[in-house]
Amino acid sequence: MTAPWDDWNHVLKLDPDKELPEGVTYGDLCATGTDAIEVGGTMGITEENMSAVIEACAEHDVALYQEPSNPEVVLEDDALDGYLIPTVFNAGSPFWITEAHKEWVRLEGELDWERTTTEAYIVMNPEADVAELTEANCDLGADDVAAYATVAEHMFGQEIVYVEYSGTLGDEGVVQAAGEATDESTLFYGGGIHDYDSAYSMAQYADVIVVGDLAHDEGIEAVRETVDAANDA
Ligand SMILES: CC(C)=CCC/C(C)=C/CC/C(C)=C/CC/C(C)=C/COP(=O)(O)OP(=O)(O)O
Ligand SMILES: O=P(O)(O)OC[C@@H](O)CO
Ligand SMILES: [Mg+2]
């Protein structure tokens, strides 16, 4: 069975809690050539700011996914192609591995399973909000990350393994090890991608690179460069 992300090289992650650069619209960002827009962030996420971004992107011809940081902000919206639900494999508390998910299912009953997929996160930047929130153990070597990726693929059947360095460019050796460890799973890499070269360096090893803050801090041309690198690698 093939999944949409099997064909992706580049994802643009838009944070509803952050502004866009002056003169830049959501439409401009949707038209950068990215394969998909993922809407999410760790802090300051509400139903209101989520739906504003989703509505703004829905008018444009690009795959659109919500990445909720908690069950309260999940939106039922036909404009969404699906839901990418994080589970943090190296979280310090089981809450962020399965418990938030259990609560979501308990409160909702039947979910839209056809459109719901988990992302097996390995959180690597201890300074990032997501690391603090989930009390992630980021003190991991390339061998640890490769082993987590193998566990995610072979023991937990995860379609997506996500090496997350949010806010900083990661260690190429770590991403390479995760790339070598994954076969069936699609490897996402995100964190600190800011130009063609940083995008290319990670896209050599990851199946999909995720670009976040650059869209909020720099704008269209910078994002386009990363799309080019993802497609070239
Ligand atoms: C069960 C449901 C529906 C949700 C739970 C989902 C879980 C386990 C979330 C924990 C991990 C998390 C908060 C993921 C959000 C996506 C993410 C990593 C965004 C990037 O975060 P940062 O870049 O660190 O934060 P900011 O840019 O918002 O500061
Ligand atoms: O914001 P940046 O550092 O590009 O990170 C992208 C993404 O992996 C965050 O979840
Ligand atoms: Mg961020």
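The analysis underlying the following values was restricted to heavy atoms, covering all of them including side chains, and did not include hydrogens, waters or symmetry mates. Residues take their numbers from the sequence shown, with the count starting at 1. As the structure lists them, so they are numbered: ligands from 1, and atoms in each ligand from 1.
Within the 4.0 Å heavy-atom cutoff, Gly40 does not count among the residues contacting ligand 1. Using a 4.0 Å heavy-atom cutoff, Lys18 is listed among the residues neighbouring ligand 1. Taking 4.0 Å as the cut-off, Tyr83 does not count as a neighbour of ligand 1 on heavy-atom distance.
Only the side chain of Trp104 comes within 4.0 Å of ligand 1, judged by heavy-atom distances. Contacts of Glu103 with ligand 1, taken as heavy-atom pairs under 4.0 Å, are absent altogether. With a heavy-atom cut-off of 4.0 Å, Asp17 does not touch ligand 1 at all. Neither the backbone nor the side chain of Phe188 comes within 4.0 Å of ligand 2, counting heavy atoms alone. Residue contacts with ligand 1 for Met43 involve N, CA, C or O but no side-chain atom from C-beta outward (heavy atoms, distance under 4.0 Å).
Lys102 has no carboxylate O lying under 4.0 Å from a charged side-chain N of Glu99, or vice versa, which leaves the two without a salt bridge. The pair Asp213-Lys18 meets the salt-bridge criterion, since a charged nitrogen lies less than 4.0 angstrom from a carboxylate oxygen.
Not a single donor-acceptor pair under 3.5 Å links the side chain of Asn90 to the backbone N or O of Ala136. A donor-acceptor contact shorter than 3.5 Å links the side chain of Thr34 to the backbone of His10.
For the pair Ile220/Val223, no side-chain contact is recorded, criterion being any heavy-atom separation below 4.5 Å from C-beta on. Looking only at side-chain heavy atoms (C-beta outward), Thr150 and Met155 stay at 4.5 Å or farther from each other. Side-chain contact between Val39 and Glu67 is absent, with no heavy-atom pair separated by less than 4.5 Å.
Short contacts between ligand 1 and His101, defined as distances under 4.0 Å to a heavy atom of the residue, involve ligand atoms 1 (C), 8 (C). Near Asp213, meaning under 4.0 Å from any of its heavy atoms, are these atoms of ligand 2: 1 (O), 2 (P), 4 (O). Against a heavy-atom cut-off of under 4.0 Å, Trp96 is close to the following atoms of ligand 1: 7 (C), 8 (C), 9 (C), 10 (C). Taking a cut-off of under 4.0 Å to the non-hydrogen atoms of Val88, the atoms of ligand 1 that pass are 11 (C). Near Ala128, with a cut-off below 4.0 Å to any heavy atom, the atoms of ligand 1 are 24 (O). Numbered from 1 in the order shown, with element, the atoms of ligand 2 that lie under 4.0 Å from a heavy atom of Gly190 read 8 (O). Under a 4.0 Å criterion applied to the non-hydrogen atoms of Asp15, ligand 1 contributes the atoms 26 (P), 27 (O), 28 (O). Ligand-side atoms of ligand 2 in range of Gly192: 2 (P), 3 (O), 4 (O), range being under 4.0 angstrom from any heavy atom.
By heavy-atom distance, the residue among Thr42, Val39, Asn70 lying nearest atom 25 (O) of ligand 1 is Thr42. With distances taken over non-hydrogen atoms, the option nearest atom 8 (O) of ligand 2 out of Lys13, Glu164, Glu67, Glu119 is Glu164. In the candidate list Pro86, Ser166, Ala100, Gly44, Ser166 is nearest to atom 23 (O) of ligand 1, counting heavy atoms.
Below 30°, between 30° and 60°, or above 60°: for Phe89 and Phe156 the angle between ring planes is above 60°, a perpendicular geometry. Taking the six-membered ring where tryptophan is involved, the planes of Trp5 and Trp8 are perpendicular, since the angle between them exceeds 60° and thus also 30°.
Checking only distances, Ser166 never comes within under 3.5 Å of ligand 2, N or O to N or O. Geometrically, ligand 2 and Gly167 share a nitrogen or oxygen pair separated by less than 3.5 Å.
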Where do Thr168 and Glu127 land on the side chain to side chain donor-acceptor pair (under 3.5 Å) test, with the steps shown first?
CA-CA 9 Å; Thr168 191; Glu127 309 285 315; over 6 Å; no

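The shortest non-hydrogen separation linking Thr118 to Gln158 is OG1-OE1, 2.7 Å.
Within the structure, every pair that satisfies the ring pair (Phe, Tyr, Trp, His ring centres under 6.0 Å) test and touches residues 92-143, not counting sequence neighbours, is listed here: Tyr121-Tyr162.
Not counting sequence neighbours, Tyr205 has no partner by the ring-ring contact (aromatic ring centres under 6.0 Å, His included) test.
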